[in-house]
Amino acid sequence: MRSGIVIAITLGLIIAAPASAEMFQFTIENVGVQPLTPVFVASHDASFDIFDAGAAASAELVAIAEGGDVGPMSTLAASSAGVLDYAAGAFIMPGESTTIMIQADPDHPCLSFAAMLPATNDAFIGLAAGDDALNLFHNAMPTTYDFTLSYLEVWDAGSEINTELAADVPALGGMGSPDEGGVITKPHAGILGVGDVPTDLDWWGLDVAHITVVPEPASVLLCLVGGLWNLRRRTA
C-alpha cells in the first residue's frame, strides 16, 4: 500500500515539475496516395510565421509549395530571433514515415511545418502560427499530439496556376507553371484530370498524413528521476 502512495506522489511531481527546453519527436507518416517532399519543421515564438491563410505566399513558402525546396525557409529561420530550432526531413513515399528531433521550450512553444505534394503545381500540407501551429507546452509542461490531416487540410499556395501539365509539375519533370497571383487557401481542389497528372494521385476524400509529436523518452525519464529525487529530499 505504501509503494502505491509513493508512485502516486512521484507522478504528481512529474506533472507539476517546471519545464525548460525539451526535445520532441515529430513524426509524419504518409498515409496518402502522393509522395511528400522533405518536411520543414520549426519551433518558435509567435513572431515567426511561415504562412498566413488568405495572404500571398512568401518566396520561402513558394519554394516549398512549388518545388519542395526547404532551403529558403531554413535560411529565414536561421536569421529569425523568434526561432529556437528548425530541421528538415526526408522524402516520404506513401506508406513511409520520417521522424525529426526538434527542441522547444515554453518561450518558443509553437511548432510549424510544411511539405509539398509534388505531383501538383503548388499544393502543400502544413500548420503555422495563426493557422493552427501546435503549442508544445501546456502550463509549461510538454504536450503530446496525435492527429491526421485529411484532404480538407491540403493548402493551395495560390502561387501557380493548377495546370496539371507535365511541363509544369515537379514530379513529372516540370519547371513550374505561370504565376497565379492568388492567396493561400484550403482545401485544394485536388487533381481534376485536366492535364498529365494521373487521377489516381488525387487525394480528394482521403487522408494525407498522420502526425505525432511526443517528448523524447529521455526527457520523460529525466523528469521521473527529478521527481524521485524531490520526493527523497522531502521525506528524508
Side-chain angles (χ1 to χ4, degrees), residues 26 28 30 32 34-45 47-93 96 98 100 102 110-134 149 153-191 195-197 201 203 208-209 211:
F26 172 89
I28 177 168
N30 186 343
Q34 283 211 21
L36 295 173
T37 63
V39 60
F40 171 85
V41 186
S43 61
H44 54 89
D45 61 23
S47 69
F48 182 73
D49 196 3
I50 64 175
F51 68 89
D52 287 301
S58 66
E60 292 81 10
L61 183 69
V62 166
I64 293 175
E66 293 186 5
D69 181 4
V70 301
M73 190 67 77
S74 297
T75 299
L76 180 66
S79 65
S80 173
V83 174
L84 178 65
D85 197 9
Y86 66 93
F91 204 88
I92 315 170
M93 297 300 292
E96 297 181 348
T98 189
I100 297 171
I102 196 86
C110 302
L111 185 141
S112 296
F113 66 90
M116 181 195 186
L117 281 66
T120 69
N121 294 101
D122 61 353
F124 72 99
I125 57 171
L127 301 177
D131 292 291
D132 298 325
L134 304 181
L149 296 176
E153 302 303 319
V154 177
W155 296 91
D156 187 329
S159 56
E160 281 191 355
I161 298 172
N162 297 323
T163 66
E164 300 179 19
L165 297 175
D168 303 330
V169 173
L172 301 182
M175 299 300 292
S177 68
D179 290 343
E180 184 177 5
V183 298
I184 300 168
T185 59
K186 69 176 181 181
H188 190 288
I191 303 302
D196 302 312
V197 179
L201 293 179
W203 61 88
V208 177
I211 309 293

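Counting from 1, the numbers follow the sequence of the chain as shown.
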So, does N30 use its side chain to make a donor-acceptor pair with the main chain of I92 at under 3.5 Å? yes
Taking D179 for its side chain and G181 for its backbone only, find out whether a donor-acceptor pair lies under 3.5 Å. no
Would you mind reporting whether [Y] and [X] have side-chain heavy atoms less than 4.5 Å apart?
X	Y	result
F113	I100	no
N121	E180	no
K186	V154	no

What are the two closest heavy atoms between [X] and [Y], and how far apart are they?
X	Y	answer
M73	L61	CE-N, 3.7 Å
T98	G89	OG1-CA, 4.5 Å
M116	I64	CB-O, 3.2 Å
A129	H44	CB-CE1, 4.0 Å

With side-chain contact (heavy atoms from CB on, under 4.5 Å) as the criterion, how do I184 and F124 come out once you've worked through the C-alpha distance, each side chain's angles and the decisive distance to 0.1 Å? CA-CA 10 Å; I184 300 168; F124 72 99; 4.1 Å; yes
With sequence neighbours left out, what residues match D45 under side chain to side chain donor-acceptor pair (under 3.5 Å)? S47
Looking at residues at least two apart in the chain, or sitting in another chain, which of them share a side chain to side chain contact (heavy atoms under 4.5 Å, CB included) with [X]?
X	value
D196	L165, A166, L172
A53	D131, W155
A115	T37, V39, I125
S80	F48, V83

Side-chain polar contacts of residues 65-72 - donor-acceptor pairs under 3.5 angstrom, sequence neighbours left out - could you list them?
residue	atom	partner	partner atom	Å
E66	OE2	S159	OG	2.7
D69	OD1	G71	N	2.9

Just to verify, which of L149, V41, I211 counts as forming a side-chain contact (heavy atoms from CB on, under 4.5 Å) with I28? I211
